[in-house]
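Read the numbers this way: they start at 1 and go in the same order the structure lists the ligands and their atoms. Because the structure is predicted, anything quoted here is derived from the model rather than measured.
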Amino acid sequence: MSYNIAVIVGSLRKESFTLKIANALTKLAPDTLKLNPVTLYDVSFFNQDLEATPPADWLAFREKLQKSDAILFVTPEYNRSIPGVLKNAIDVGSRPPGKSSFLGKPIGIISNSPGPLGGVSAAKHLQNILPGISGPILGQPETYLNGVGDAFDEKGNLTKEPLQKVLQQYLVAFAAFVDRQSKIAA
Ligand code: FNR
């Protein structure tokens, strides 16, 4: 059994560490997980006035979520929270009311920072935002990657071995969690 995982990338920056981590995860994933990075460049601002006739980009983003078996958020921290683009995408995906595209989907969260705290506050804010609109959130191992600034080579490959190990351990736990939740839901 193989599961499709939408990996939501919380940064728009071209050289984003978050995007590089998402790409590294796709390579480190066990055979049971197919990770598809989802960037947020094309998700336009949520505006409740547009809900009756949602823009095509909202529908496309929601469809990517709906087609996935689970969602893995990879996010940096902006001012002790998640970046606005990520909150906007969550708002878009959460609507219409009661029909959130995250509903029932097992959720993973990995935060990161070049700084010492690993973006822990961003991860904690996601844990506050999601429960009303998503499926269950994997609690452990808590994964707040710090010191990501020197973790990649010039081609963007993850070269810092301790981080590779942490990500591998996370993916093993996430694969088991997704499998367990999918069986419970079936
Ligand atoms: C940051 N950064 C940051 N880092 C952190 O650890 N805690 C924080 O609260 C913040 N706040 C913050 C606010 C804003 C507006 C910016 C632009 C940056 C630094 C941040 O971790 C760094 O820029 C990362 O490189 C951003 O992630 P990407 O784009 O590399 O994925």
Side-chain angles (χ1 to χ4, degrees), residues 4-29 33-47 57-58 60-61 64-65 68 70-94 101-102 105-131 134 137-171 173-174:
N4 279 315
I5 313 298
V7 183
I8 311 278
V9 179
S11 169
L12 303 182
R13 197 167 73 88
K14 201 162 41 155
E15 290 297 324
S16 162
F17 301 129
T18 305
L19 178 59
K20 289 173 186 172
I21 290 162
N23 289 332
L25 285 163
T26 65
K27 293 178 196 149
L28 294 168
L33 298 183
K34 190 176 176 309
L35 269 56
N36 311 300
V38 175
T39 55
L40 305 177
Y41 306 106
D42 296 331
V43 183
S44 60
F45 276 144
F46 180 76
N47 176 346
D57 65 88
W58 293 6
F61 178 64
K64 279 181 196 166
L65 301 175
S68 301
I71 316 280
L72 176 54
F73 288 88
V74 184
T75 186
E77 179 175 282
Y78 275 10
N79 298 315
R80 298 286 178 258
S81 185
I82 59 172
V85 287
L86 180 55
K87 181 59 164 62
N88 181 63
I90 291 171
D91 292 340
V92 168
S94 73
S101 298
F102 299 103
K105 312 277 180 192
I107 301 289
I109 297 171
I110 296 175
S111 64
N112 76 90
S113 172
L117 302 180
V120 58
S121 295
K124 291 292 163 198
H125 280 193
L126 276 177
Q127 287 170 353
N128 279 339
I129 291 166
L130 292 169
S134 77
I137 302 171
L138 176 62
Q140 291 171 354
E142 294 180 291
T143 301
Y144 320 121
L145 303 177
N146 62 10
V148 299
D150 61 356
F152 305 92
D153 67 16
E154 66 286 350
K155 287 186 183 149
N157 298 307
L158 180 64
T159 49
K160 207 170 184 176
E161 254 178 56
L163 287 191
Q164 285 179 9
K165 276 215 178 92
V166 168
L167 291 182
Q168 256 157 354
Q169 281 165 1
Y170 187 86
L171 285 165
F174 189 61

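- Of all protein heavy atoms, the one lying nearest to atom 6 (O) of ligand 1 is S113 OG, 2.7 Å.
- For atom 15 (C) of ligand 1, the closest non-hydrogen atom of the protein is N79 ND2, 3.9 Å.
- Closest non-hydrogen pair, A89 versus V43, comes out as CA-CG1, 4.2 Å.
- Distance alone, capped at 3.5 Å, places no donor-acceptor pair between the E77 side chain and the S111 backbone.
- Shortest contact from atom 30 (O) of ligand 1 to any protein heavy atom: R13 NH2, 2.7 Å.
- Among protein heavy atoms, atom 23 (O) of ligand 1 sits closest to Y78 CE1, 5.0 Å.
- Taking atom 29 (O) of ligand 1 as the reference point, the nearest protein heavy-atom neighbour is S11 OG, 2.7 Å.
- Under the 4.0 angstrom criterion for non-hydrogen atoms, P76 is in contact with ligand 1.
- Residue L19 has no nitrogen or oxygen atom sitting less than 3.5 Å from a nitrogen or oxygen atom of ligand 1, judged on distance alone.
- Closest to atom 9 (O) of ligand 1 among all protein heavy atoms lies R80 N, 2.8 Å.
- The closest donor-acceptor contact from the side chain of S68 to the backbone of I71 lies at 3.5 Å or more, if one exists at all.
- Within the model, atoms CD1 of I90 and CG of L65 stand 10.0 Å from one another, a figure rounded to the nearest 0.5 Å.
- Compare S121, G118, P114, G115 by their heavy atoms: the one nearest to atom 21 (O) of ligand 1 is in P114.
- Put simply, CD1 on I109 and OH on Y144 are 8.5 Å apart, with the number rounded to the nearest 0.5 Å.
- Looking at Q127 and K124, their side chains do bring a donor and an acceptor atom within 3.5 Å of each other.
- Counting only N and O atoms by type, the side chains of D153 and T159 include no donor and acceptor under 3.5 Å apart.
- Atom 8 (C) of ligand 1 has as its closest protein heavy atom E77 OE2, 3.3 Å.
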